[in-house]
Trainee: 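Take a look at this one; I'll ask things after.
Reminder, nothing fancy here: chain letters follow the sequence lines and each chain counts from 1.
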2 protein chains.
Amino acid sequence: MNSQSIENYLKVIFNQAISTDEVNTTGIAQALEVSLPSVNSMVKKLAGMGLLEYQKYKPLKITDKGRKMAARIIRKHRLTEMYLVEKMGFGWEEVHDIAEQLEHIQSPVFFDRMDELLGYPQRDPHGSPIPNKNGQIAVLEYRPLADCQPGEQVELKALGHTSDEFLKYLNSKELALGVKVEVLEVEAFDRNMKVEYSGHQEVLSALVCSKLLVS
Amino acid sequence: MNSQSIENYLKVIFNQAISTDEVNTTGIAQALEVSLPSVNSMVKKLAGMGLLEYQKYKPLKITDKGRKMAARIIRKHRLTEMYLVEKMGFGWEEVHDIAEQLEHIQSPVFFDRMDELLGYPQRDPHGSPIPNKNGQIAVLEYRPLADCQPGEQVELKALGHTSDEFLKYLNSKELALGVKVEVLEVEAFDRNMKVEYSGHQEVLSALVCSKLLVS
DNA sequence: TTAAATAGTTAGAATAGACTAACAAATTTA
DNA sequence: TAAATTTGTTAGTCTATTCTAACTATTTAA
Ligand SMILES: [Mn+2]
Ligand SMILES: [Mn+2]
Ligand SMILES: [Mn+2]
Ligand SMILES: [Mn+2]
């Protein structure tokens, strides 16, 4: 069975490959907070397992096998987060660290049961898609709120960033998935947005708006 | 944080100390299916952590600190088993292997929430007591069915053995915790018991009767 | 287009946890 | 009680995963 370490590396590589397709060693080291030589030796190991393509000094490419394996771990992570929120009453800002551990549990029946009890959800509490059992993952069609124009009415569908601090910030602003947002004004200078939702007005920074995914 | 290995050793030592108070190396090796030298080096490590008393060639004694730490792991194991049965619909024969993994999750709030959702249960699905958060564990007062006399009416309260095979055997006989059992006859030769419960009669072997704890 | 900075690699070492082989102490049996 | 058996220990090895120090290749900037 693959170690937790292997699984965590693979997941990071998969996630970094989404934006750029090619992944570099330094990014992995930063994400996992380990040294470059540690990454280098693990990368060779993963390549030996057929999960990556590796050539000295070249950017890494994840293989289909690697992608599939990573997606299955992410499936467990996101099902867990959904279960913790829906069935155990946790807030969306509390679940990531627990899921980071539970994603390594080896028990297909455990996660299948979660899936069943949840009614086969398509997205996790942060709006990210839950891969299916074969490791296939839906592509999100959402755009950042930052790209919207004044007068547009949109719905908050997912987050482009899910740190505790950001989630707590959203809680404090009563911003949750499903909230209908109308763009009132965009400040030309700094791209701050004045928006209205749930009956009140707020000014959101450009940074925040770039992380709110809407449709 | 303690490794899963350390936690698994400690749990085995705690369990073996219940019956005899003093624990020997060979028993640990057998329970964990590791070699004697592996046990020896881990035992020294645990002693160094103040969890055991160790002197060369002497039986081991678990300290109060060790007992408390072990009980807290067992608490997580048993809460998990209860949660899996009560809230996720698993059978009592399916939950041990999952709990064996989940007991190592580091998240007090996760187990506190389980406890709360379960209504602070005192026993796991096999009738074993769930230690409290301080690592204190209730002592069972039950006696084996094997000690009962013909004519006695008792209730099945807990199991002295919880292997999958035994649990499946009990399922096949419709024996579950809470079932009222009347002892009809005891065969003098082999101590087999003829019993009646849930409206039907069965003959149970001495081995089985020694593992059924009643009151 | 050379120099500086960044990114990636190798070598060597440390720790945790497992193992086998060899040996020593303790216990049981004759 | 002496021999045989069982139990426990030590020494040394192996794999996994991490690290630091030193080096090399690639990329960026002057
Ligand atoms: Mn997460
Ligand atoms: Mn993880
Ligand atoms: Mn169990
Ligand atoms: Mn365990």
Trainee: Nearest to the B:S38 side chain among D:dC19, D:dT7, C:dC19, which nucleotide is it?
Mentor: C:dC19
Trainee: Between A:K168 and A:E165, is there a side-chain N and carboxylate O pair less than 4.0 Å apart?
Mentor: no
Trainee: Please report, rounded to the nearest Å, how far the P atom of C:dT15 is from the CG atom of B:N2.
Mentor: 18 Å
Trainee: Measuring from the side chain of A:M42 (C-beta onward, heavy atoms only), which nucleotide among D:dT20, C:dT20, D:dT18 has the closest atom?
Mentor: D:dT18
Trainee: Send over the distance from B:E33 CD to C:dA18 P, rounded to a whole Å.
Mentor: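 Atom CD in B:E33 sits about 12 Å away from atom P in C:dA18.
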Trainee: Identify whether any heavy atom of B:S35 sits under 4.0 Å from a base atom; if not, whether one sits that close to sugar-phosphate; answer base, sugar-phosphate or nothing.
Mentor: base
Trainee: How many whole angstroms separate atom CD of A:Q30 from atom P of C:dT6?
Mentor: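 Rounded to whole Å, this separation is 12 Å.
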Trainee: Salt bridge between A:E81 and A:K87, side-chain N to carboxylate O under 4.0 Å?
Mentor: no
Trainee: Nearest-Å distance, CD (B:Q4) to C1' (C:dG17)?
Mentor: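 Interatomic distance, CD of B:Q4 to C1' of C:dG17: 13 Å.
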Trainee: Can you tell me how far P of D:dT7 sits from CD1 of B:I28, to the nearest Å?
Mentor: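 Distance check: B:I28 CD1 to D:dT7 P gives 13 Å.
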Trainee: When we call it a touch if two heavy atoms are under 4.0 Å apart, what does A:S41 touch: a base, just sugar-phosphate, or nothing?
Mentor: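 Contact class for A:S41: base.
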Trainee: Run the salt-bridge test on A:K11 and A:E103 with the 4.0 Å N-O cut-off and return the result as yes or no.
Mentor: yes
Trainee: Under 4.0 Å, counting only non-hydrogen atoms across every strand here, what does A:T25 touch: a base, just sugar-phosphate, or nothing?
Mentor: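 Sugar-phosphate, backbone atoms only, no base.
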Trainee: Excluding sequence neighbours, so at least two apart, what forms side chain to side chain donor-acceptor pair (under 3.5 Å) with A:S38?
Mentor: A:S35
Trainee: Hey, are A:E53 and A:K58 close enough for a salt bridge, meaning a charged N less than 4.0 Å from a carboxylate O?
Mentor: no
Trainee: CG of B:L36 versus C1' of C:dA22: gap in Å, rounded?
Mentor: 14 Å
Trainee: Starting at CG of A:N40 and ending at P of C:dG12, how long is that distance when rounded to a whole Å?
Mentor: 16 Å
Trainee: Using the ring of A:F90 (Phe, Tyr or Trp, six-membered ring only), decide whether B:R113 places NZ or CZ under 6.0 Å from its centre and within 45 degrees of its axis.
Mentor: yes
Trainee: State whether B:T26 places a side-chain N or O below 4.0 Å from either non-bridging phosphate oxygen (OP1 or OP2) of D:dT6.
Mentor: no
Trainee: Specify the residues of residues 43-59 of chain B, ordered by number, for which at least one heavy atom lies under 4.0 angstrom from an atom of DNA chain C.
Mentor: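 Listed by number, they are B:K45, B:Y57.
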Trainee: Less than 4.0 angstrom between a side-chain N/O of B:N24 and OP1 or OP2 of D:dT7, yes or no?
Mentor: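 No, no such contact exists.
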Trainee: Roughly how many Å is it from CD in B:E7 to P in C:dG17, rounded to a whole number?
Mentor: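 Atom CD in B:E7 sits about 11 Å away from atom P in C:dG17.
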Trainee: Please step through side chain to side chain contact (heavy atoms under 4.5 Å, CB included) for the pair A:L36 and A:T26, ending with a clear verdict.
Mentor: CA-CA 7 Å; A:L36 278 167; A:T26 307; 3.9 Å; yes
